[in-house]
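Here's the structure, in structure tokens; my notes come after.
Basis for what follows: all heavy atoms, side chains included, without hydrogens, waters or symmetry-related copies.
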Amino acid sequence: MNIEKYFSRENIIRNLAKYEMYYQVACGNFVNTANTKQVNYEIELQLALGSIYEMLKDISTLENCDEIFNDELKKQSAMDALQNFVNTNLELVKNSQIQIEPIINEINDNTFFNQTMINICKENERKQVEKWDEIITNDLSNAIMASLISLEEN
């Protein structure tokens, strides 16, 4: 895997912005579907980066890795959002108020994000990039890179 390519400062910012948008839009969908307000829309930086890294490890051997990256990022963030939603709303799952398997299938089949959801992400992308551009400094991106290189070596 080309860590330098996918985890340059610019790509960390862009990938975190997209990940967070997809995550939040997915959470909004779950809240609407389950008619609940119990959800955390915030992502944790370390968990998001770890999730992106693991996803990249899974697809890095594929010839079309670059072409499918965005779709896989979308799927990964939706799966992470679903996992956190289920953890927070376990009673809704136990009471069959929300069915998890069809949602997982939609995410895996890349049909979960409808055009409205995609449009919301596109409309907010610039704001998200600006947010992460302030958070991910050169020092932080260098530390992330060093950490990932060390992880790869072990």
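Counting only heavy atoms from C-beta outward, the side chains of I136 and L45 approach each other to under 4.5 Å. Residues V129 and K18 fail the side-chain proximity criterion, which asks for heavy atoms closer than 4.5 Å. Residues N89 and V93 are not in side-chain contact: their nearest non-hydrogen atoms beyond the backbone lie 4.5 Å or more apart. The side-chain heavy atoms of I149 and E4, taken from C-beta on, include a pair separated by under 4.5 Å. Contact annotation: the side chain of F85 approaches that of I98 to within less than 4.5 Å [non-hydrogen atoms, C-beta and beyond]. When side chains are defined from C-beta on, Y41 counts as touching V31, because their heavy atoms get closer than 4.5 Å. Side-chain atoms of Y6 and I52, non-hydrogen and from C-beta on, never get closer than 4.5 Å to each other.
Heavy-atom contacts from other residues, nucleotides or ligands closer than 6.0 Å to CD of Q46 number 12 or fewer. Within a 6.0 Å radius of CD in E101, other residues, nucleotides and ligands contribute 12 heavy atoms or fewer. Within 6.0 Å of CD in E44 there are 12 or fewer heavy atoms belonging to other residues, nucleotides or ligands. A 6.0 Å sphere centred on CD of E10 holds no more than 12 heavy atoms belonging to other residues, nucleotides or ligands. Surrounding CG of N35 are at most 12 heavy atoms belonging to other residues, nucleotides or ligands under 6.0 Å away.
Without hydrogens or angle criteria, N114 side chain to T116 main chain gives a donor-acceptor distance under 3.5 Å. The closest donor-acceptor contact from the side chain of S150 to the backbone of A146 lies at 3.5 Å or more, if one exists at all. Listed for the R9 side chain is a donor-acceptor partner under 3.5 Å among the backbone atoms of D133. Side chain of N142 to backbone of N138: a donor-acceptor contact under 3.5 angstrom is found.
For F112 and F30, the ring centers sit closer than 6.0 Å to each other.
L82 CG to I100 CD1: the interatomic distance, rounded to the nearest 0.5 Å, is 5.0 Å. Of the inter-residue distances, the one linking I144 atom CD1 with T137 atom OG1 reads 8.0 Å to the nearest 0.5 angstrom. To the nearest 0.5 Å, atom OG of residue S77 and atom CG of residue L16 are 11.0 Å apart. Interatomic distance, CD of Q83 versus CG of D80, reported as 8.0 Å (0.5 Å rounding). Distance check: Y53 OH to S60 OG gives 9.0 Å after rounding to the nearest 0.5 Å. The distance from atom CD1 of I68 to atom CD of E63, rounded to the nearest 0.5 Å, is 11.0 Å.
Note on F7: it does not cluster hydrophobically with L47, by side-chain heavy-atom contacts below 4.5 Å among ILVMFWY residues.
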> Going through the checks in order, is the side-chain contact (heavy atoms from CB on, under 4.5 Å) test met by F69 and L56?
Replying inline: CA-CA 8 Å; F69 177 81; L56 262 169; 3.8 Å; yes
>> Set out, in order, the CA-CA distance, both residues' side-chain angles and the distance that settles side-chain hydrogen bond (donor to acceptor under 3.5 Å, both in side chains) for Y22 and N70, then state yes or no.
In response: CA-CA 11 Å; Y22 297 142; N70 196 55; 3.1 Å; yes
> What do the steps show when you test M21 against K74 for side-chain contact (heavy atoms from CB on, under 4.5 Å), and what is the final call?
Replying inline: CA-CA 9 Å; M21 283 185 309; K74 214 183 307 181; over 6 Å; no
>> Let's go through N84 and Y23 carefully: what are the C-alpha distance in whole Å and the side-chain angles of both, what is the deciding distance for side-chain contact (heavy atoms from CB on, under 4.5 Å) to 0.1 Å, and is it a yes or a no?
In response: CA-CA 10 Å; N84 289 333; Y23 183 96; 2.7 Å; yes
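The two residues C65 and I59 come nearest to each other via the heavy atoms CB-O, 3.5 Å. The two residues M145 and S8 come nearest to each other via the heavy atoms CE-N, 4.0 Å. When every heavy atom of M55 is checked against every heavy atom of L73, the shortest pair comes out as SD-N, 3.4 Å.
With respect to E72 and K75, a salt bridge is recorded, a charged nitrogen being found less than 4.0 Å from a carboxylate O. Ionic pairing of R14 and E125 is not present here: no N-O contact between side-chain nitrogen and carboxylate oxygen is shorter than 4.0 angstrom.
Inspection of the Q76 and S51 side chains reveals an N or O donor paired with an N or O acceptor under 3.5 Å. Counting only N and O atoms by type, the side chains of N119 and Q115 include a donor and acceptor under 3.5 Å apart.
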